[in-house]
Undergrad: 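Before I ask anything, let me first share the structure, which is written out below as structure tokens.
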Amino acid sequence: MLSVVVLISGTGSNLLALLKAIDSPLVPVRVVAVGSDGPAPGLAHADLYGVPTFVVERSMFPDRESWAKRLQETIEGYSPDLVALAGFMKILPPAFIKRFSPNLINIHASLLPLFPGAHAVRDTLDAGVTETGATIHVVDEGIDTGPVIFQRTVQVMPGDDVATLHERIKVHERELLIETIIGVAENRIDLASI
Ligand code: GRF
């Protein structure tokens, strides 16, 4: 049984898709806790599935390092095999990355290395490209730069705005997240060799 801590910052639709997908004794994955860096609406999905939640509020700490240390210690309390960032919008310092990677993955709404960072969908539209996508990768010490596990391409449609394009990308993000986590749980994906 692969135990997973999921970190979110927002609506948590990726989290919800994962919780639904593993809600079967046949799937060897358990989300042992969901954490956020602030009051995230997506925490309600964890409550619905009876999964413990925690909030390590960034504003309660004098600096990123002390905040990340508390986040690390909170996560360690659940002894996860894997930490999944699913819409977690804070940059994590090197000490945190070193502690969990390669068992630390992130989902991103572009075809990395194109359009890294917090505004990938807007940047994609501003660039006027006709193709983008979803990426799931192992987190390293860069910003959305770690080894790519899976990618899916998504067409930019005429008239797309950030909301419509992002939702079309999220359909694939959710599938990649589920495919990756179950793949790790079933020993078909070895994150250390990506
Ligand atoms: C995802 O598109 C992810 O790529 C980005 O934040 C979004 C989270 O969406 N970092 P949700 O909260 O899972 O709906």
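Since the structure is predicted, the reported quantities are computational estimates derived from the model, not experimental observations. When a ligand or atom number is given, it counts from 1 through the structure's own listing order.
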Undergrad: State if H166 counts as touching ligand 1 under the rule of any non-hydrogen atom under 4.0 Å.
TA: yes
Undergrad: Atoms of ligand 1 less than 4.0 Å from I107 heavy atoms?
TA: 3 (C), 4 (O), 10 (N)
Undergrad: Using a strict cut-off of 4.0 Å, indicate which atoms of ligand 1 neighbour a heavy atom of K170.
TA: 2 (O), 9 (O), 11 (P), 14 (O)
Undergrad: Which protein heavy atom lies closest to atom 8 (C) of ligand 1, and at what distance to 0.1 Å?
TA: G87 CA, 3.5 Å
Undergrad: Using the rule given for side chain to side chain contact (heavy atoms under 4.5 Å, CB included), can you reason through V4 versus V83, listing the C-alpha separation, both sets of side-chain angles and the distance that settles it, and then say yes or no?
TA: CA-CA 6 Å; V4 183; V83 179; over 6 Å; no
Undergrad: Evaluate the criterion salt bridge (Lys or Arg N to Asp or Glu O under 4.0 Å) for residue pair E167 and R174; output intermediate values, then yes/no.
TA: CA-CA 11 Å; E167 189 46 44; R174 295 168 194 143; 3.0 Å; yes
Undergrad: As an exercise, identify every atom of ligand 1 less than 4.0 angstrom from a heavy atom of A109.
TA: 2 (O), 4 (O)
Undergrad: Could you tell me whether E179 and R152 make a salt bridge, using a distance below 4.0 angstrom between a side-chain N and a carboxylate O?
TA: yes
Undergrad: Does I8 reach ligand 1, in the sense of a heavy atom lying below 4.0 Å from it?
TA: no
Undergrad: Relative to the heavy atoms of H108, which atoms of ligand 1 are at a distance of less than 4.0 Å?
TA: 4 (O)
Undergrad: Check D37 against I8 and note the closest heavy-atom contact, atom names and distance.
TA: OD1-O, 3.5 Å
Undergrad: Taking C-beta and beyond as the side chain, do S101 and V138 meet within less than 4.5 Å on heavy atoms?
TA: yes
Undergrad: Start with the C-alpha distance between Y49 and V34, add both sets of side-chain angles, then the distance that settles side chain to side chain contact (heavy atoms under 4.5 Å, CB included), and finish with yes or no.
TA: CA-CA 11 Å; Y49 280 82; V34 175; over 6 Å; no
Undergrad: Could you give the distance from CD (E173) to CD1 (I136), rounded to the nearest 0.5 Å?
TA: 9.0 Å
Undergrad: Between ligand 1 and G12, can you find any atom pair, the residue atom being a heavy atom, that is separated by under 4.0 Å?
TA: yes
Undergrad: With heavy atoms of M89 as the reference, note each atom of ligand 1 found under 4.0 Å away.
TA: 10 (N)
Undergrad: Please report the interatomic distance CG(D160) to NE2(H166), rounded to the nearest 0.5 Å.
TA: 12.0 Å
Undergrad: Quick test of your reading of the structure: of G10, A120, S13, S9, whose heavy atom lies closest to atom 11 (P) of ligand 1?
TA: S13
Undergrad: Please list the nearest protein heavy atom to atom 1 (C) of ligand 1 with its residue and the distance rounded to 0.1 Å.
TA: E173 OE1, 3.2 Å
